[in-house]
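Chain A is the first sequence line, chain B the second, and so forth, proteins listed ahead of strands; every chain is numbered from 1.
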Amino acid sequence: MYEQEKIRKKKLIKIKLLGINPYPSKIYKTNYNIKKILINKKKIIKNNINLSINGRILSIRNMSKSSFIDIKDYTDNKIQLFYNIKNINKKLINKEYYILLFKKYLDIGDIIWINGKLFLTKVKEYTILINKIKLLSKCIYPIPNIKIKKNKIYKKFKNKEKRYRMRYIDLLLNKKVKKNFLIRSLIIKYLRNFLNKLNLIEVDTPILQNIPGGANAKPFITYHNKFKKYLYLRISNELYLKRLIVGGFKGVYEFSRNFRNESIDKNHNPEFTILEFYISYKNYIWMMKLIEKLLKYICKKTFNKYKIKINNNIIDFSKKIKKIKLFNIIKKYTNLNINENTSLKELIKKSKKLKINIKENENTKEKIIDNIFNKYCKKKIKKPLFIIDYPKYMSPLAKSKIKNKKLTERFELYINGKEIANAYTELNDPYDQFKRFKKQNKKFIDKDFIKSLKIGMPPTVGIGIGIDRLIALFTNNNNIQEIILFPQMK
RNA sequence: GACUUGGUAGCUCAGCUGGUAGAGCAUUACACUUUUAAUGUAAGGGUCCUGGGUUCGAAUCCCAGCCAGGUCACCA
């Protein structure tokens, strides 16, 4: 690094001394991108079209009095450039052309603008004969070189730590990585389209909250100097979106960046994105149908097909998603006969064989069931599956079922062993909600939210979809770091 | 948090049971008038993650730490 950077710095100084600005502010017009050139190559040659393009240099081959340069642009296509000493005698050649090309001041990684005409070389490669050239930005830090020689690929930049810490290089060199983020962008775009078609309103709610509510997780704490009080980065936006439903919106959604002060692994980043949306006068049954439509829609729009391969399983998003009751799936995989009436003592007894490890002070029914499910059921789910009939004690924000008050109108969506979404008909009884908050977490009770429920929230269904996990799923990545541009690192 | 694998040149990686730090590509110089990610010759480039220890001698063995990956647990 030291050596090569030093050499390039010297070049930079020389270029400047010779009157060339290595970082010009002027914009040079282009009339093509490389993808467009490759598509229209025959036409371009036929009509003798003058091409102007931008790009980054990938490789340089100097041979005596002529040279070849490969450049790549934002379309991720590359094209070969050519210049020859014959051109030097022409009066047309400007100073910059001479200095950059013949003094060899260009490096791999430099960003240039060129103007020239397309021709076919002796070896039949479509190539641009350079007529004018401008340096747009000098590359000082050498990027890993891209080369294939004798069937060996010298293109690797695959050290994960380096890739994540220097994502700009990763994106530049690894096509797949860039593609993943293009898919991410598409999926979010189509989710928005879908929700907008439903006439939901996109909103922004506070990231800095007085009381971290709506989920059970450790928050990041910060301090407001003027208020002289602690504020919390949101762990969820749920309670704010519900306030908006109280306020009379028919439906709202937010792509919410949430923050949780927990450990990092392939499924968890301290900041992550959840899409939450709430629709009044609907319930969780309706939402299940909507989610089927939503998945089908984004799969089709993004990939132009309904079936995609995930972890060697083909998943067909045009099919109806099956439902199973929580206690039934537990029975299926563990043979354990439990239900919402099972007492804590009984649960502990029955689950003893399953090697569930719960800290003694956290010995609650919801923890034990959660544990059993995570350990024995979750990973077995490959195809999309709705899990329903969660007991009330596991669902502090969900409305109870009419026929069985101990169960709730709630479902979770699992695909490929991962929780993708969590939804329920929202609890809108303020006194019931207050009781449940008290049971769940005495430290943070959002009394203002209770007040909003007292004003009256219409029957409402709400859902949270883990966007990072959803995108990891659709891009067939097992690690969330691959689809978060800048994953958190120490 | 536990276990496990790794950290050596710009990149990818060799380096055996301890004996002067290696390769390919990249870089620099020279040669060669259109090459298939050329070719030939030569050169430069290293805090072998950090700190201790063992030893005449440590990239290598031992201990501690840092950073990262994987698996599991916790957390959603």
Tell me, please, which residues at least two apart from A/Glu409 pass salt bridge (Lys or Arg N to Asp or Glu O under 4.0 Å).
-> none
Ignoring backbone atoms, establish whether A/Lys162 has a side-chain N or O less than 4.0 Å from OP1 or OP2 of B/G10.
-> no
Base, sugar-phosphate, or nothing for A/Lys378, non-hydrogen atoms under 4.0 angstrom?
-> base
Under 4.0 angstrom, heavy atoms only, what part of the nucleic acid is A/Lys122 near: base, sugar-phosphate, or nothing?
-> base
Inter-residue atom distance A/Gln209.CD - A/Asn237.CG, 0.5 Å rounding | 8.0 Å
Could you tell me the separation between the CE atom of A/Met288 and the CG atom of A/Leu413, rounded to the nearest 0.5 Å?
-> 10.5 Å
May I ask you to evaluate whether A/Lys6 reaches the phosphate of B/G44, defined as a side-chain N or O under 4.0 Å from OP1 or OP2?
-> no
Considering only atom P, compute the distance from B/G18 to B/U55 and round it to an integer number of Å.
-> 15 Å
To the nearest Å, give me how far apart CZ (A/Arg8) and C1' (B/G44) are.
-> 16 Å
C1' atoms of B/G44 and B/A29, separation to the nearest Å = 10 Å
Whole-Å gap separating P (B/A29) and NZ (A/Lys11) = 7 Å
Centroid-centroid distance, A/Tyr424 to A/Tyr284, less than 6.0 Å = no
What nucleotide among B/C75, B/U35, B/C74 has an atom nearest to a side-chain atom of A/Phe68?
-> B/U35
Of all the choices, B/C74, B/U34, B/A26, which nucleotide is nearest to the side chain of A/Gln4 once you look at every atom?
-> B/A26
Sticking with atom C1', work out how far B/C56 lies from B/G65, rounded to a whole angstrom.
-> 29 Å
Taking for each residue the nucleotide of RNA chain B bearing the nearest heavy atom, is the 5' side occupied by A/Phe157 or by A/Ser59?
-> A/Phe157
When the distance from OH of A/Tyr126 to C1' of B/U34 is rounded to whole Å, what number comes out?
-> 16 Å
Atom pair distance, as rounded to whole Å: CG in A/Asp107 and P in B/C11 = 17 Å
Partner of B/G1 under the Watson-Crick or G-U wobble criteria, both distances under 3.5 Å, comes out as B/C72
Counting any heavy atom closer than 4.0 Å, what does A/Ser263 reach on the DNA or RNA strands: base, sugar-phosphate only, or nothing?
-> base
Determine, step by step, whether A/Tyr240 and A/Phe449 satisfy the ring-ring contact (aromatic ring centres under 6.0 Å, His included) criterion, reporting the C-alpha distance in whole Å, the side-chain angles of both residues, the deciding distance to 0.1 Å, and the verdict.
-> CA-CA 8 Å; A/Tyr240 283 91; A/Phe449 171 67; 9.0 Å; no
Paired with B/C61 by Watson-Crick or G-U wobble geometry, both distances under 3.5 Å: which nucleotide is it?
-> B/G53
Can you check whether A/Lys10 has a side-chain N or O nearer than 4.0 Å to OP1 or OP2 of B/U28?
-> no
Out of B/U33, B/U34, B/A68, which has the shortest distance to the side chain of A/Arg165?
-> B/A68
Span that lies between the C1' atom of B/G10 and that of B/A73, in whole angstrom = 39 Å
The nucleotide from B/C11, B/C75, B/U27 with an atom nearest the side chain of A/Pro144 is B/C11
Looking at B/C75, B/U27, B/U34, which one has an atom nearest to any side-chain atom of A/Ser66?
-> B/U34
Answer with base, sugar-phosphate or nothing: what part of the nucleic acid does A/Asn159 contact at a heavy-atom distance below 4.0 Å?
-> sugar-phosphate
Provide, to the nearest angstrom, the distance between the CD atom belonging to A/Glu161 and the P atom belonging to B/C66.
-> 14 Å
Main-chain N/O of A/Leu172 paired with A/Lys72 side-chain donor or acceptor, under 3.5 Å = yes
With C1' as the reference atom in both, quote the distance from B/U33 to B/U27 in angstrom, rounded to an integer.
-> 25 Å
Protein-nucleotide distance (A/Lys490, atom NZ; B/G1, atom C1'), rounded to Å = 13 Å
Partners passing salt bridge (Lys or Arg N to Asp or Glu O under 4.0 Å) against A/Lys350 (at least two apart in sequence or in another chain) | A/Glu346
Between A/Asn33 and A/Asp73, do the side chains contain an N or O donor and an N or O acceptor separated by less than 3.5 Å?
-> no
Please step through side-chain hydrogen bond (donor to acceptor under 3.5 Å, both in side chains) for the pair A/Arg436 and A/Ser395, ending with a clear verdict.
-> CA-CA 9 Å; A/Arg436 295 203 211 173; A/Ser395 318; over 6 Å; no
Provide the distance between the two C1' atoms, one in B/A21 and one in B/G46, to the nearest whole Å.
-> 8 Å
Is the shortest side-chain N/O distance from A/Asn145 to OP1 or OP2 of B/A37 below 4.0 Å?
-> no
Using the ring of A/Phe486 (Phe, Tyr or Trp, six-membered ring only), decide whether A/Arg167 places NZ or CZ under 6.0 Å from its centre and within 45 degrees of its axis.
-> no
If you look at every strand shown and take non-hydrogen atoms under 4.0 Å, does A/Tyr414 touch a base, only sugar-phosphate, or nothing?
-> base
Give the nucleotide from the list B/U27, B/C74, B/U35 with an atom nearest to the side chain of A/Glu3.
-> B/U27
Sticking with atom C1', work out how far B/U17 lies from B/C62, rounded to a whole angstrom.
-> 16 Å
What integer distance in Å separates A/Asn267:CG from B/C74:P?
-> 13 Å
In whole angstrom, what separates A/Tyr141's OH from B/A9's P?
-> 11 Å
Give one of base, sugar-phosphate or nothing for A/Lys218, where a contact means two heavy atoms less than 4.0 Å apart.
-> nothing
Aromatic A/Tyr32 / basic A/Lys36 pairing, under 6.0 angstrom, 45° off normal | yes
From the candidates B/A26, B/U12, B/A37, the one with an atom nearest any side-chain atom of A/Asp70 is B/A37
Can you tell me the pairing partner of B/G24 across any strand shown, Watson-Crick or G-U wobble, with both distances under 3.5 angstrom?
-> B/C11
Out of B/C74, B/U35, B/C13, minimum distance to the side chain of A/Thr121 belongs to B/U35
When you compare the protein's N or O atoms with those of nucleotides 70-72 of chain B, which come within less than 3.5 Å of each other, and at what distance?
residue	atom	partner	partner atom	Å
B/G70	OP1	A/Asn479	ND2	2.6
B/U71	OP1	A/Lys266	NZ	3.1

Could you pick out which residue, A/Met489 or A/Ala217, lies toward the 5' side of RNA chain B when each is mapped onto its nearest nucleotide?
-> A/Met489
Which part of the nucleic acid, if any, lies within contact of A/Phe373, taking any heavy atom under 4.0 Å across all strands shown: a base, the sugar-phosphate backbone alone, or nothing?
-> nothing
Assigned partner base of B/C30, Watson-Crick or wobble definition, under 3.5 Å | B/G40
Roughly how far apart, to the nearest Å, are B/C13 and B/A26 at atom C1'?
-> 14 Å
A/Ile108 has a side chain; which of B/U28, B/A26, B/A68 sits nearest to it?
-> B/A26
